[in-house]
Amino acid sequence: MCSGSFAKCLGITLIPLAILCVLCNILLFFPGGLVAEDNNHITEEVFYFGGVMGSGVMVSQLLLGSGKSQGFWHGMFTSIIFAAVGVLGAGYSFIVSAVAIHKGPKCLYMNGTTESWTNPFVNGDYLNNHTLWEGCIKPEGIVTWHLTLFSMLLVMGLLQAVLCAIQVINGLIGAICGDCCAAQPQSHP
């Protein structure tokens, strides 16, 4: 497969991943699927926009930059640069998601007789101990909501980073060896 065709296949794969990452990040602004009463009731890592800025916008730059070629070498160079930016963006999304999963969601937590909006699972100990989840009174189902969406961002960020890294290698090979499609004879009708 030619390096140009391979890049198009990767781009087509990255489009739905970028859209899903943006949607996951947007859904995280609605804890438990409900409108938050206060911004302080939303997990801090949601505001880092890992799904929007990292996986959405930065990876989409790869798609936007790949079509603005003024020649083969310029196209390969821009492909490598935008793919490297995509790796950084996807890595950012991955790291933000990993931190958010470790810290856990912000919820109205019942600790003995006191209720407070807090991040009760700071040490990540809630992942193996599901009985701790019952302490989160409000919003209902927030732990599952938080884990599901941030886990999706984590996996999609990792997949995007791998695909963009493959595109960096593909671009380097294309720049060094040339595009095999360019060497094939062109048929004119």
Side-chain angles (χ1 to χ4, degrees), residues 1-36 39 42-106 139 141-175 179 181:
M1 181 182 282
C2 303
S3 58
S5 300
F6 187 72
K8 287 178 186 173
C9 290
L10 281 177
I12 290 170
T13 306
L14 288 170
I15 291 170
L17 289 173
I19 291 170
L20 285 173
C21 287
V22 169
L23 289 175
C24 284
N25 203 142
I26 291 170
L27 287 173
L28 284 164
F29 279 103
F30 302 97
L34 305 170
V35 176
N39 282 348
I42 298 173
T43 305
E44 182 181 341
E45 289 76 24
V46 175
F47 293 102
Y48 295 163
F49 295 102
V52 175
M53 291 303 296
S55 289
V57 174
M58 291 181 87
V59 170
S60 297
Q61 292 300 313
L62 174 64
L63 305 173
L64 297 174
S66 62
K68 298 178 181 178
S69 169
Q70 296 175 345
F72 176 74
W73 297 110
H74 182 264
M76 282 293 137
F77 179 71
T78 57
S79 175
I80 293 167
I81 297 299
F82 284 117
V85 170
V87 170
L88 293 175
Y92 173 73
S93 177
F94 179 83
I95 290 169
V96 168
S97 300
V99 168
I101 290 170
H102 179 72
K103 286 177 66 175
K106 189 178 278 190
I142 186 63
V143 178
T144 306
W145 180 266
H146 178 88
L147 279 175
T148 301
L149 292 173
F150 273 117
S151 294
M152 287 175 63
L153 283 172
L154 183 85
V155 170
M156 288 187 288
L158 180 63
L159 185 58
Q160 286 176 330
V162 168
L163 290 174
C164 288
I166 290 171
Q167 177 52 31
V168 169
I169 295 167
N170 177 51
L172 287 172
I173 291 171
D179 192 14
C181 293

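One is the number of the first residue; the rest follow in order along the sequence.
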Which atom pairs, donor and acceptor, lie under 3.5 Å between side-chain atoms of residues 82-96 and protein residues at least two apart or in another chain?
from	atom 1	to	atom 2	distance (Å)
Tyr92	OH	Tyr48	O	2.7
Ser93	OG	Gly50	O	3.3
Ser93	OG	Ser55	OG	3.1

Donor-acceptor contacts, no H, no angles, side chain residues 148-159, under 3.5 Å, sequence neighbours left out:
from	atom 1	to	atom 2	distance (Å)
Thr148	OG1	Thr144	O	2.7
Ser151	OG	Leu147	O	2.6

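Counting only distance, with no hydrogens or angles, the side chain of His146 and the backbone of Ala100 share a donor-acceptor pair below 3.5 Å.
Among all heavy-atom pairs drawn from Pro105 and Thr43, the shortest one is CA-OG1, 3.6 Å. In terms of heavy atoms, Asn25 sits closest to Gly51 at OD1-N, 2.9 Å.
When side chains are defined from C-beta on, Ile42 counts as touching Asn39, because their heavy atoms get closer than 4.5 Å.
The CD1 atom of Ile169 sits 11.0 Å away from atom CD1 of Ile80, with the distance rounded to the nearest 0.5 Å. Going from atom CG of Leu34 over to atom CH2 of Trp145 covers 8.0 Å, rounded to the nearest 0.5 Å. Residue Glu45 holds its CD atom at 9.0 Å from NZ of Lys106, rounded to the nearest 0.5 Å.
A perpendicular orientation is assigned to the rings of Phe29 and Phe47, their planes being inclined by more than 60° (bins at 30° and 60°).
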